[in-house]
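Heads up: the structure comes next, in structure tokens.
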Amino acid sequence: MSTRENPAGLVVLAVDDEMAGLDEMKYLLGNNPRVGRVLTAFDAAEALRLLRSDDPDLFGQRDADESVVDAVFADVSMPGLSGMELARVLTAFRNPPALVFITGHEENALEAFEVGALDYIMKPANAERIDRALRTIEKNKQQAAKGPRALEAATPDDEEVIPVELAGTTRMIPRKDVRWVEAQGDYARLHTTDGSHLVRIPLAQLEERWAEAGFLRIHRSFLVSLSLVTELRMSSSGYSVVLGGGQPKELPVSRRHTRELKDRLVRAPRQNWGQQ
């Protein structure tokens with residue numbers, strides 16, 4: 001079922017097995033000007049049936065597993081197929097919709113991001129928080145429509161957050177606050193202006209995931225935000241970079257990463273290194 005029709009807006013699917021939660025989700029999404037159409041499903045199985053539907057009245061003509069739904073807003077805890085299991089199925093789609101969890105279970109935040117969720121919103125959700133997620137979805141859709149070159153030149157989306165567990169609570173760290181990342185085995189330590197945070201994500205995974213956001217591997221142990229590089233130094237022992245955005249921090253650059261680092265610093269449109 002759907003609300004108002006606006007062909008220019010996003011098509012979103014709300015999924016919740018509780019009627020009150022589904023109604024609230026539908027209301028918040030349907031009243032956002034970025035949304036053109038809201039579909040609803042009472043569980044993950046029904047959501048998948050809708051996403052794979054070949055009903056031309058819903059989606060027009062398309063291939064199987066080629067969803068035209070821009071985003072799925074789903075609860076985590078549902079009978080049968082859970083929200084996490086739904087996320088894993090969506091990754092098999094050729095063009096999977098963005099996935100946003102709206103839930104009362106904060107302990108699933110880490111797993112949500114590991115399965116590719118775009119955002120994780122705690123209940124009770126509000127219009128401003130929903131709009132923030134929709135704004136990111138809208139921006140990603142517009143960039144994708146312009147093709148690969150537009151994606152390369154796009155301004156990094158600084159609204160991604162990384163869930164960090166600390167003393168039984170989950171804290172959301174904005175990616176824009178991360179200065180550099182340090183490898184620690186199968187974990188990574190995020191260094192921000194106010195401290196460091198250990199996350200259960202390998203450095204290699206963050207390297208791939210954050211490449212388009214301006215992060216670059218400079219050493220087997222370090223990933224840095226290029227926008228914060230203020231100096232590239234050379235000494236008898238090799239190259240190093242100095243990061244701003246807080247207390248200056250000098251980090252080594254391995255020989256194998258030196259050339260790419262130099263190329264990226266020269267090409268980076270927002271770089272201010274060498275100007276201070």
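The model shown is predicted, which means the values in this text are computed figures rather than measured ones.
- Residues passing the side chain to side chain donor-acceptor pair (under 3.5 Å) test with S237, sequence neighbours excluded: S235.
- The side-chain contact (heavy atoms from CB on, under 4.5 Å) test with E260 singles out one residue from R256, R264, K262, and that residue is R264.
- Residue-environment remark: CD (E250) exceeds the threshold of 12 foreign heavy atoms within 6.0 Å.
- Linking Ile, Leu, Val, Met, Phe, Trp and Tyr whenever their side-chain heavy atoms come within less than 4.5 Å puts V69 and L50 in one cluster.
- Looking at heavy atoms from C-beta onward, R217 lies out of side-chain contact with F222 at the 4.5 angstrom threshold.
- Shortest non-hydrogen contact noted between L118 and A98 is CD2-CB, 4.3 Å.
- Linking Ile, Leu, Val, Met, Phe, Trp and Tyr residues whenever their side-chain heavy atoms come within less than 4.5 Å leaves V76 and M19 in two separate clusters.
- The shortest side-chain heavy-atom distance between L206 and L190 falls under the 4.5 Å cut-off.
- In the hydrophobic cluster analysis, where Ile, Leu, Val, Met, Phe, Trp and Tyr join through side-chain heavy atoms closer than 4.5 angstrom, L39 is grouped apart from L22.
- Taking 4.5 Å as the limit, every side-chain heavy atom of D23 sits out of range of all side-chain heavy atoms of D16.
- The minimum heavy-atom distance between L48 and V89, with the atom names listed, is CD2-CG1, 3.7 Å.
- With values rounded to the nearest 0.5 angstrom, K249 atom NZ is found 14.5 Å from T193 atom OG1.
- Other residues, nucleotides and ligands place no more than 12 heavy atoms under 6.0 Å from the CG atom of D186.
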Q: Would you sort out whether L10 and N32 count as a side-chain contact (heavy atoms from CB on, under 4.5 Å), showing the intermediate values?
A: CA-CA 10 Å; L10 296 170; N32 188 289; over 6 Å; no
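- The line from CG of L216 to CG of L226 is 5.0 Å long, rounded to the nearest 0.5 Å.
- A distance of 15.0 Å separates OH of Y187 from CG of L203, quoted to the nearest 0.5 Å.
- Applying side-chain contact (heavy atoms from CB on, under 4.5 Å) to V224 and the options V181, L251, V178 leaves one that passes, L251.
- With hydrophobic clusters built from ILVMFWY side chains whose heavy atoms lie under 4.5 angstrom apart, V164 shares a cluster with W210.
- Under the rule for a salt bridge (Lys or Arg N to Asp or Glu O under 4.0 Å), E128 has no partner lying at least two apart in sequence or in another chain.
- F93 has its side chain within reach of R52: a pair of non-hydrogen atoms, C-beta onward, lies under 4.5 Å apart.
- Side-chain contact check for L228 versus W180: every heavy-atom pair is 4.5 Å or farther apart.
- Shown here for S77 and D17, the closest heavy-atom pair between the two residues is O-OD1, 3.4 Å.
- When the side chains of ILVMFWY residues are joined at heavy-atom separations under 4.5 Å, either directly or via intervening members, F42 and M78 end up in two distinct hydrophobic clusters.
- With rounding to the nearest 0.5 Å, the separation of OG1 in T136 from CZ in R34 is 9.0 Å.
- What you find for L90 and P96 is that their closest heavy atoms are O-CB, 3.1 Å.
- Around CD of E208, the count of heavy atoms belonging to other residues, nucleotides or ligands within 6.0 Å does not exceed 12.
- Between L223 atom CG and Q205 atom CD the span is 12.0 Å, to the nearest 0.5 Å.
- For the pair D75 and K123, the minimum side-chain heavy-atom distance is below 4.5 Å.
- Taking both residues in full, the closest heavy atoms of L86 and A44 are given as CB-CB, 4.0 Å, listed atom of the first, atom of the second, then distance.
- Across R189, H191, R179, a single residue satisfies side chain to side chain donor-acceptor pair (under 3.5 Å) together with S196, and that is R189.
- Here the CZ-CE distance, from F101 to M84, works out to 4.5 Å after rounding to the nearest 0.5 Å.
- I162 pairs with exactly one of R175, H197, M172 by the side-chain contact (heavy atoms from CB on, under 4.5 Å) rule, that one being R175.
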side-chain contact (heavy atoms from CB on, under 4.5 Å) assessment of V68 paired with V11: CA-CA 8 Å; V68 294; V11 178; 5.8 Å; no
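- The shortest distance between side-chain heavy atoms of L28 and I102 does not fall below 4.5 Å.
- Nearest heavy-atom pair across D119 and A133 is OD2-CB, 3.7 Å.
- Two residues are said to be in side-chain contact when any heavy atoms from C-beta on lie closer than 4.5 Å; M25 and V38 fail this criterion.
- For the pair D131 (side chain) and A127 (backbone), a donor-acceptor distance under 3.5 Å is absent.
- For Y239, the ring-ring contact (aromatic ring centres under 6.0 Å, His included) criterion is met by no residue, not counting sequence neighbours.
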